[in-house]
Amino acid sequence: MLDPKNIRVRYAPSPTGFLHIGGARSALFNYLFAKKNKGQFIIRIEDTDIERNVEGGEVSQIRDLKWLGIIPDESPLEPNPRYAPYRQMERLNTYQQYAQQLLKQGHAYECYCSEEELERSREEQLARGIAAPQYNRRCLHLSKEEKNNFVAQGRKPVIRIKLEDHLTIAFEDMVRGPVSFNNDDIGDWVLIKSNGIPTYNFAVVIDDYSMDITHVFRGEEHLSNTPKQIQIYRYLKFPMPQFGHMTIIVNENGKKLSKRDASIIQFMSQYRDMGYLPEAIFNFILLLGWSPEGTQEIFTKDQAIAAFDAKRLSSSPSMFDPQKMNWLNNFYLKQLSDDAYWNFIAPFINKAPGVELLSEASVKQLAKTFKDQLAYGIQILDLVKPILEPTFNFDDEAKALLQSQDGQKALALFIQKLSQLQEIQGPNIKEIFKAIQSETGLKGKPLFMPVRLKLTGQLHGAELANIIPILGKDLTLKRLKA
RNA sequence: GGCCCGUUGGAGAAGCGGCUUAACUCACCACCCUUUCACGGUGGCAUUCAUGGGUUCGAAUCCCAUACGGGUCACCA
């Protein structure tokens, strides 16, 4: 029996791939809804497409979800005995049992049509001008003899549902409001495939019922599946959960993000590998298709749970904006303590070519220098390159500065003063520049740029007073004299 | 094509009949800070809510039509 006071929701991925943005978002909103209502969030694995399942799909999905902070109360790895098992391929008996019941009640029938026959019928209908061809019910009233004939031919039947004709199926969608479909636009679809495995639309109903799921938030692509499922609920007299269909996330062309879409990085593991913080991704997808009541944009997990309200889920599609994602990640990065930041950035910066020239303390300093502008972890490699492994391709402006009398004078004086310095520290470097300025009257670009150019090959970059102590006296002088 | 859903600035969006000549955030632009870059700060950026009708004293907000976009029509989920 459904207990309306105990909210149970689920995220039900098929292990045909790794966790991507769309999946993470479905999971997130289900999770928030559960936690907001003190209910349970469940992960169920829909692995009935045995052809497309991939190795490690299930494990990585659960791992990546947990990384994001989306922690299941129940999953194949942490089952509640009352509801286990959590993989559909382990629940085959249950589906079979209900399919037999439907068969007995006359709400389903065996169909022996071959793929070719189905295809032919489809083409015929198309030729007759029927826009949405559907199953022609050829096998609806098969005699025992006809069945035996098919079996003798070695055909294996599927089980199809017998839809109630002319039935309008209406429901209240938690995101979209009232929605209705007519059964006449749907054909008798397959419940159990000829290999004995249920189709998605059948298995979800049985599972959502068996697992006492009360609310279903899923992607818009399932909206037109819902009437099919509701028909099963009616036949089996199961209490229905509430449905809410969230919009899809689209790419910059306005199309649904497909797994093959190269324009946007969409797998969680890729974001993790690139150095995005789980909190930032959590926060980012939270705001994709949902908005809070006020103007708050930064949400911790607990704040998100407290603020979450399914009524504020958007019904128009949203585009994934990598720029805002970067902004958010940078925001969270800046919040990190120095220690936490170092723990985060070390694996990235330690891969930078040339890093071996520096002591760990210097590398730490170097990383810190870029903390405020870093969008994501591996970006540190680009930022650090001019310092650790500069290339010297000077443009005209740079050449002019280096060759000018003022520039050469400033550079020479800098080298001289730096050589005499005992301890290289930021304030000392600043003092040297000040001294040169008062001795020569030079300022601005001619004063600073020659040193910067010889040191990093760039006209832009982090403050010299920060960089030079990191590189140390020897390395600095070597580059300046080169 | 049938069915279903959607349409507020470059992006995410608030707005739910008068308080709106439309919040907030990202991006963009300008200025300030600054040797430069970045960070930070200040300001600018939709007289208009896809279009056309209607309802109303009054509409982005309600209704209808059109256009455009998307989802779905499998023995995939």
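Given the structure is predicted, the values throughout are model-derived calculations rather than measurements.
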Under 3.5 Å for both donor-acceptor distances, Watson-Crick or wobble: does B:G6 have a partner, and if so which one? B:C68
Going by ring centres under 5.5 Å and near-parallel planes (under 30°), is A:F448 stacked on B:U35? yes
Among the nucleotides B:A77, B:U35, B:G1, which one has an atom lying closest to any side-chain atom of A:A132? B:G1
Ignoring hydrogens and angles, answer whether the base of B:A27 and the side-chain atoms of A:D321 contain a donor-acceptor pair closer than 3.5 Å. no
Indicate, with a heavy-atom threshold strictly under 4.0 Å, whether A:T48 touches base, sugar-phosphate, or nothing. sugar-phosphate
Under 4.0 Å, counting only non-hydrogen atoms across every strand here, what does A:E297 touch: a base, just sugar-phosphate, or nothing? base
Does the side chain of A:N283 come under 3.5 Å of the side chain of A:Y332 through a donor N or O and an acceptor N or O? yes
May I have the distance from A:E293 (atom CD) to B:A23 (atom C1'), rounded to whole angstrom? 14 Å
Within the 4.0 Å heavy-atom criterion, would you say A:K371 contacts the bases, only the backbone, or no part of the nucleic acid? nothing
Tell which nucleotide pairs with B:A59, taking only Watson-Crick or G-U wobble pairs whose two distances are both under 3.5 angstrom. none
Test log, rule salt bridge (charged side-chain N to carboxylate O under 4.0 Å, His left out), inputs A:E117 and A:R155: CA-CA 13 Å; A:E117 286 162 343; A:R155 295 203 190 196; 2.8 Å; yes
Under 3.5 Å, is there any donor-acceptor pair linking the side chain of A:K324 to the base of B:U25? yes
Which nucleotide wins on minimum distance to the side chain of A:E220, given the candidates B:C5, B:U7, B:G12? B:C5
As a quick check of understanding, evaluate side chain to side chain contact (heavy atoms under 4.5 Å, CB included) for A:F181 and A:K228, giving each step before the final call. CA-CA 10 Å; A:F181 293 85; A:K228 296 183 182 177; over 6 Å; no
So what does A:E463 touch, heavy atoms closer than 4.0 Å: a base, only the sugar-phosphate, or nothing? base
Using Watson-Crick geometry (N1-N3 plus N6-O4 or O6-N4) or G-U wobble (N1-O2, O6-N3), each under 3.5 Å, B:U47 is paired with none
How about A:F299 and A:F282: are their ring centroids closer than 6.0 Å? no
Suppose we call a contact any N or O donor and acceptor under 3.5 Å apart; does that hold for the side chain of A:S194 and the base of B:C75? yes
Heavy atoms under 4.0 Å, any strand shown: does A:N195 hit a base, just sugar-phosphate, or nothing? nothing
Taking atom C1' in both B:A14 and B:A23, what distance in whole Å separates the two? 6 Å
Considering only the C1' atoms, how many Å lie between B:U20 and B:U48, rounded to the nearest integer? 10 Å
Under 4.0 Å, heavy atoms only, any strand: does A:G219 hit a base, just the sugar-phosphate, or nothing? nothing
What contact category does A:R452 fall into here, base, sugar-phosphate, or nothing, at under 4.0 angstrom with non-hydrogen atoms? base
What nucleic acid atoms does A:L287 come within less than 4.0 Å of, heavy atoms only: base, sugar-phosphate, or nothing? sugar-phosphate
To the nearest Å, give me how far apart CD (A:Q296) and P (B:A13) are. 17 Å
At under 4.0 Å between heavy atoms, what does A:H222 touch on the DNA or RNA strands: base, sugar-phosphate, or nothing? base
Between B:A11, B:U36, B:C39, which nucleotide has the shortest distance from any of its atoms to the side chain of A:H460? B:U36
Measure from NZ or CZ of A:K371 to the centre of the six-membered ring of A:Y341 and say whether it is under 6.0 Å with the direction within 45° of the ring axis. yes
Mind checking A:R218 for me? I need base, sugar-phosphate or nothing, with any heavy atom below 4.0 Å counting as a touch. nothing
Report the nucleotide, chosen from B:G12, B:C24, B:C5, that has the shortest atom-to-atom distance to any side-chain atom of A:T295. B:C24
B:G40 phosphate, OP1 or OP2: any side-chain N/O from A:K334 under 4.0 angstrom? yes
Suppose we define a pair by two distances each less than 3.5 Å, Watson-Crick or G-U wobble; what does B:G1 pair with here? B:C73
Side chain of A:K445 only, heavy atoms from C-beta on: which candidate in B:U35, B:C75, B:A14 is closest? B:U35
Applying a 4.0 Å non-hydrogen cut-off, can you work out what A:I248 is touching in the nucleic acid: base, sugar-phosphate, or nothing? sugar-phosphate
Pair A:F320 + A:F284: ring centers closer than 6.0 Å: yes
Expressed in whole Å, how much space separates the P atoms belonging to B:C31 and B:C37? 12 Å
Which nucleotide in the set B:G71, B:A11, B:G2 lies at the smallest distance from any side-chain heavy atom of A:M319? B:A11
Would you mind telling me which of B:A77, B:G12, B:C3 lies closest to the side-chain atoms of A:F181? B:C3
What is the base-pairing partner of B:A30, counting Watson-Crick and G-U wobble geometry with both distances under 3.5 Å? B:U42
Can you tell me which nucleotide in B:G6, B:G1, B:A77 comes closest to the side chain of A:S316? B:G6
What's A:V158 touching, base or sugar-phosphate or nothing? Going by heavy atoms closer than 4.0 Å. base
